[in-house]
There are 2 protein chains.
Amino acid sequence: MFAYRKDQSRPNTLGSLGFTTTSKPTVNLSEFKYQRKAEIFGEGEPAVYVYQVKRGAVRSYKLLNDGRRQIGAFHLVDDIFGIENGAKHRFTTEAVVETIVCLIRRESLQLEAERDAAVSRSLLRLTSRNLEHAEDHMLLLGRKTAVERVAAFLQEMDRRTGTNCLSLPMGRRDIADYLGLTLETVSRAVSRLHSEGVLKFVGRTQREIVILNREKLQSFDLVN
Amino acid sequence: MFAYRKDQSRPNTLGSLGFTTTSKPTVNLSEFKYQRKAEIFGEGEPAVYVYQVKRGAVRSYKLLNDGRRQIGAFHLVDDIFGIENGAKHRFTTEAVVETIVCLIRRESLQLEAERDAAVSRSLLRLTSRNLEHAEDHMLLLGRKTAVERVAAFLQEMDRRTGTNCLSLPMGRRDIADYLGLTLETVSRAVSRLHSEGVLKFVGRTQREIVILNREKLQSFDLVN
DNA sequence: CGATCCTTTGAAGGACGTCAAGGTCTGTGG
DNA sequence: CCACAGACCTTGACGTCCTTCAAAGGATCG
């Protein structure tokens, strides 16, 4: 089994943020760039900032002590992540590809919420959306077969990207760790969907996918 | 595979609430009693009330079209459930045993939250706690082995009940559908923990359990 | 005390994981 | 421009953990 290893000698969040913006430290809104695979924050670290993806993609995950990994969510452009009710982050997050994020001091957001009920409401709304996603994902992880999981994943990406052609930023291993499978099983499921005419590959990598038959794709993940 | 069937000819929430209290309909707080296996509300129904368990236990679950079931949470005494950000309930909930719930009009709660920031905060806090539980459960469902899941379940129940002796209200099938396993696998895992001296049964049913060795139980679910 | 429900246990099967090999694409340096 | 290395994906063979199927033993309740 492939095992992820938690880097123990990592600088803290603030230290690992390489400045790529000219904004002053006291200003609330700053943009930062992360290289592919760079950690944005680690599970258990103090939650200082809230983040929004401007370009790229982010994975957030938990590890077991022996290196098994479960990705809880992918954050795509415009998605907000890193919001916590407690003092600490509950996931580790990494840039899947080169990624630009905008960050807000959690503190200032909290203050804003105190004064503005609309901010408070959107905070609740955001948390609720995350909860709903997690609830759906529990059903997937607990009860769906491999093909159903992959079909559901493709539909989710299809829905979220809005474009006709899926250009997945993440590799098969990431998909596998999101779906609770191995990368080989993901590959086999994608192959099967391909051979059944549900999708085709465009470009030279296998990450650019066009859904040919949405109805049939749906039929592989009958939820209701 | 055992398949659950969704009862289509069920009365709506209000209709199915048998009055067991003398409070007037206009009063906000009412108590209701549900028999074992009685549905409290169904997935997709309008969310009219928010509930708190006074006695008994509740399971909330989602079904796939072919009857596979995933229980997202058990609600024990004092737990609040049925809070939704949207208009509809996202789970079906049933009484695991004879259960008394206290219910509040969602509407009035929302109004209260508008005026009182403390209510608003506790609403967010509650939602966050549910999210955190779901996040942990995704890791369990996606990456843990059968014994690890059962060990984690027993630890969760141990933590939540506070008493020395676990008196599980739910059967093996419910536990299985919570852990993404079959009831046979749950039974085997419990048997194994029993034979290894981690727990013992008290009383005549196999639902009353005393944890003999918390340290060893912990070792079956090394998360970090 | 028979009927039903719940749980345990055994045996067999299957879906997914593991291991391994080979292919494609990319980047780098000769 | 080509050789080579490395990352990533696919595919096959085999193994294993969990499911499925089956039977039997308590517990509860009429």
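Because the structure is predicted, anything quoted here is derived from the model rather than measured.
- Side-chain N or O atoms of Arg207(B) include none that pairs as donor or acceptor with a backbone N or O of Ser167(B) at under 3.5 Å.
- When heavy atoms are screened at a 4.0 angstrom cut-off, Arg68(A) is found touching no nucleic acid atom at all.
- A heavy-atom distance below 4.0 Å to DNA chain D is reached by these residues of residues 181-197 of chain A, ordered by number: Leu183(A), Glu184(A), Ser187(A), Arg188(A), Ser191(A).
- When rounded to the nearest whole Å, the span between CZ of Arg207(B) and C1' of dG26(D) equals 13 Å.
- Using modelled atom types and a 3.5 Å distance limit, the side chains of Tyr4(B) and Asp177(B) yield a donor-acceptor pair.
- Separating the CZ atom of Phe201(B) from the P atom of dG26(D) is a distance of 14 Å, rounded to the nearest angstrom.
- Side-chain atoms of Glu94(B) and Tyr61(B) form a donor-acceptor pair, as typed in the model, at a separation below 3.5 Å.
- Across all strands shown, Gly180(B) has heavy atoms under 4.0 Å from sugar-phosphate atoms exclusively, and none from any base.
- Here the range on DNA chain C touched by chain A, meaning any atom under 4.0 Å from one of its heavy atoms, is dC16(C) to dT26(C).
- Between Glu31(A) and Ile100(A) the shortest heavy-atom distance is OE1-CG2, 3.8 Å.
- Considering only heavy atoms from C-beta on, Gln155(A) comes within 4.5 Å of Leu217(A) through its side chain.
- Arg149(A) places a side-chain N or O within donor-acceptor distance of the main-chain N or O of Leu179(A), the cut-off being under 3.5 Å.
- Side chain to side chain, Tyr34(A) and Glu39(A) fail the donor-acceptor criterion of an N or O pair below 3.5 Å.
- Using modelled atom types, no side-chain atom of Glu156(A) and backbone atom of Phe153(A) make a donor-acceptor pair closer than 3.5 Å.
- Between Phe91(A) and Phe41(A), the distance separating the two ring centers is not shorter than 6.0 angstrom.
- The overall bend of the helix from dC1(C)-dG30(D) to dG30(C)-dC1(D), read as the angle between its terminal helix axes built from five base pairs each, is 30° when rounded to 10 degrees.
- Between Val50(B) and Gly82(B), the shortest heavy-atom distance links the atoms CG2-O, 4.3 Å.
- When each of Arg204(A) and Gly171(B) is assigned the nucleotide of DNA chain C bearing its nearest heavy atom, the one mapping closer to the 5' terminus is Gly171(B).
- Applying the ring-ring contact (aromatic ring centres under 6.0 Å, His included) rule to pairs touching residues 157-176 of chain B yields nothing, sequence neighbours excluded.
- Identified under the side chain to side chain donor-acceptor pair (under 3.5 Å) test for residues 74-84 of chain A, with sequence neighbours left out: Ser60(A)-His75(A), Asp79(A)-Arg160(A), Glu84(A)-His89(A).
- Figure legend: Arg173(B) and Phe2(B) shown as a cation-pi pair, the cationic atom lying under 6.0 angstrom from the six-membered ring centre and within 45 degrees of its axis.
- A heavy-atom distance below 4.0 Å to DNA chain D is reached by none of the residues of residues 136-157 of chain A.
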